[in-house]
Enquirer: 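The structure is given below, and queries will be raised subsequently.
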Amino acid sequence: MKRSAMAKAAAALLACTAVTPFALPATAQSSRVARPLSEAAAQQAADQILEAVRQRDGALRYSQFSKALQTTSSPSMVQGTLDQLPQLESWTIQSVRTGLSGNSSVEVLLQTENGSREATLVINPQGRLVAQLFNVSDKDSTKVARAFIDAVSDGQFISARSLLALDLQKEISPQALQNKWLRLQQTTGNFQAIEKVMEAEHGRNGSLVLVTVRFNRTTDNIFVILNPAGQITGLDFPIDGAVR
């Protein structure tokens, strides 16, 4: 892509981060919303979820996933992810919020062997994990984009989804993310390697990162849009058509 064309693409993508061609329609919700957890129950559920992480117990953590998360995962996959994480030593629950969907958002401060990091756990009325988000504002945008592609190419769709902003996680389930990646490879062939990752545009509204990916039939670009907090707010895969 020529420099001028890339600049136009960057401006267009950053201008429309609220409506990304990657986003899929959210599943219609029932008119009857389940009774949300009490603040104490949400805190207890969060403690249990984090205790499984601290113990590196993949089977227990998998059992704490919502059905949607379990669809694209397995106890062995969860165990593999846990084994690569820095050791969780302790945590502090900072706040609990309940949304209109009945889910509870629990803000926590994690203390790991590598330092502290803020996180958000979204827990449904059954006490199961629906989504998670980690504060990665201290990480370079290209590292976040690379981590996303590394995760999807390795089949770790829950880990990849955790890099999306919460609003985008509401629109894209792990299953939808998996389907998108598999459909892409039907056209491009199987994933081979990441060729390069570069920041094409950076501004006060966020960054546009270009990830060049080699498949066995072709090499193509995936655009990743991030907000100033380092969260992914938009994605554009080659099968989505022209960048707009």
Side-chain angles (χ1 to χ4, degrees), residues 1-24 84-86 105 107 109-110 112 114-120 122 131-154 156-172 174 176-177 180-181 184 188 191-215 218-244:
M1 180 182 290
K2 295 183 179 179
R3 186 178 182 84
S4 59
M6 182 178 291
K8 291 180 180 179
L13 277 172
L14 288 172
C16 65
T17 55
V19 181
T20 167
F22 185 83
L24 300 179
Q84 296 177 28
L85 294 177
S105 294
E107 307 286 341
L109 179 63
L110 307 176
T112 75
N114 292 345
S116 60
R117 187 170 299 280
E118 294 178 334
T120 301
V122 181
Q132 56 190 358
L133 180 70
F134 300 96
N135 185 341
V136 291
S137 58
D138 59 329
K139 290 189 176 182
D140 183 272
S141 61
T142 58
K143 292 181 179 179
V144 176
R146 176 182 285 274
F148 175 81
I149 300 300
D150 280 340
V152 295
S153 64
D154 195 38
Q156 298 286 349
F157 298 103
I158 294 175
S159 296
R161 184 170 173 261
S162 71
L163 297 173
L164 307 182
L166 283 180
D167 284 346
L168 194 54
Q169 289 193 41
K170 292 176 183 177
E171 299 179 8
I172 303 176
L177 187 57
K180 194 73 168 181
W181 181 250
L184 171 65
T188 62
F191 170 86
Q192 300 295 307
I194 295 175
E195 292 283 343
K196 65 179 179 180
V197 183
M198 58 177 288
E199 190 174 70
E201 187 76 12
H202 181 82
R204 64 180 183 178
N205 294 325
S207 304
L208 172 67
V209 177
L210 179 69
V211 185
T212 303
V213 181
R214 176 164 52 87
F215 301 91
T218 187
T219 296
D220 214 328
N221 298 321
I222 294 175
F223 292 87
V224 182
I225 307 164
L226 302 97
N227 62 21
Q231 303 159 0
I232 297 174
T233 58
L235 296 159
D236 192 7
F237 279 28
I239 54 175
D240 289 322
V243 177
R244 54 191 178 189

Enquirer: Under 30°, 30 to 60°, or over 60°: which ring-plane class applies to W181 and F191, parallel, tilted or perpendicular?
Expert: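 W181 vs F191 ring planes: tilted.
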Enquirer: Tell me, please, which residues at least two apart from S153 pass side chain to side chain donor-acceptor pair (under 3.5 Å).
Expert: none
Enquirer: Measure the spacing between CD of E107 and CG of L133 and express it to the nearest 0.5 Å.
Expert: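 It comes to 8.5 Å.
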Enquirer: How about V211 and F148: do any of their side-chain heavy atoms sit closer than 4.5 Å?
Expert: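 Counting from C-beta outward, V211 and F148 never come under 4.5 Å.
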Enquirer: List the atom of Q132, the atom of Q169, and the distance in Å for their closest heavy-atom pair.
Expert: O-NE2, 2.9 Å
Enquirer: About how many Å separate CD1 of I225 and CG of D236, when rounded to the nearest 0.5 Å?
Expert: 7.5 Å
Enquirer: Got a second to check how far L235's CG is from I222's CD1, nearest 0.5 Å?
Expert: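 Interatomic distance, L235 CG to I222 CD1, rounded to 0.5 Å: 8.5 Å.
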Enquirer: Between L177 and R161, which heavy-atom pair has the shortest distance, and what is it?
Expert: CD2-N, 4.1 Å
Enquirer: Please name the pair of heavy atoms, one in L110 and one in A119, separated by the smallest distance, quoted to 0.1 Å.
Expert: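 Distance-wise, the nearest heavy atoms are CD1-CB, 3.9 Å.
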Enquirer: Testing the basics here: between V144 and L163, what is the closest heavy-atom pair and its distance to 0.1 Å?
Expert: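 Scanning both residues, the minimum pair turns out to be O-CD1, 3.9 Å.
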Enquirer: Would you call L210 and F223 a side-chain contact if the rule is heavy atoms closer than 4.5 Å?
Expert: yes
Enquirer: Donor-acceptor pair, distance only, cut-off 3.5 Å: does the side chain of R117 make one with the backbone of F134?
Expert: no
Enquirer: Which atom pair, heavy atoms only, marks the closest approach of V197 to A145?
Expert: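 Minimum heavy-atom contact is CG1-CB, 4.5 Å.
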Enquirer: In Å, rounded to the nearest 0.5 Å, how long is the span from CG of L208 to CE of M198?
Expert: 9.5 Å
Enquirer: With rounding to the nearest 0.5 Å, note down the distance linking CZ in R214 to CD in Q192.
Expert: 6.0 Å
Enquirer: Ignoring hydrogens and geometry beyond distance, is a side-chain donor-acceptor pair present between T142 and D140 at under 3.5 Å?
Expert: yes
Enquirer: Measure the CG-CD distance between L168 and Q231 for me, rounded to the nearest 0.5 Å.
Expert: 10.5 Å
Enquirer: Heavy atoms only: give me the nearest N135-A229 pair and the separation to one decimal.
Expert: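 For N135 and A229, the tightest heavy-atom pair comes out as OD1-O, 4.4 Å.
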Enquirer: Is the closest side-chain heavy-atom distance between T212 and T219 below 4.5 Å?
Expert: yes
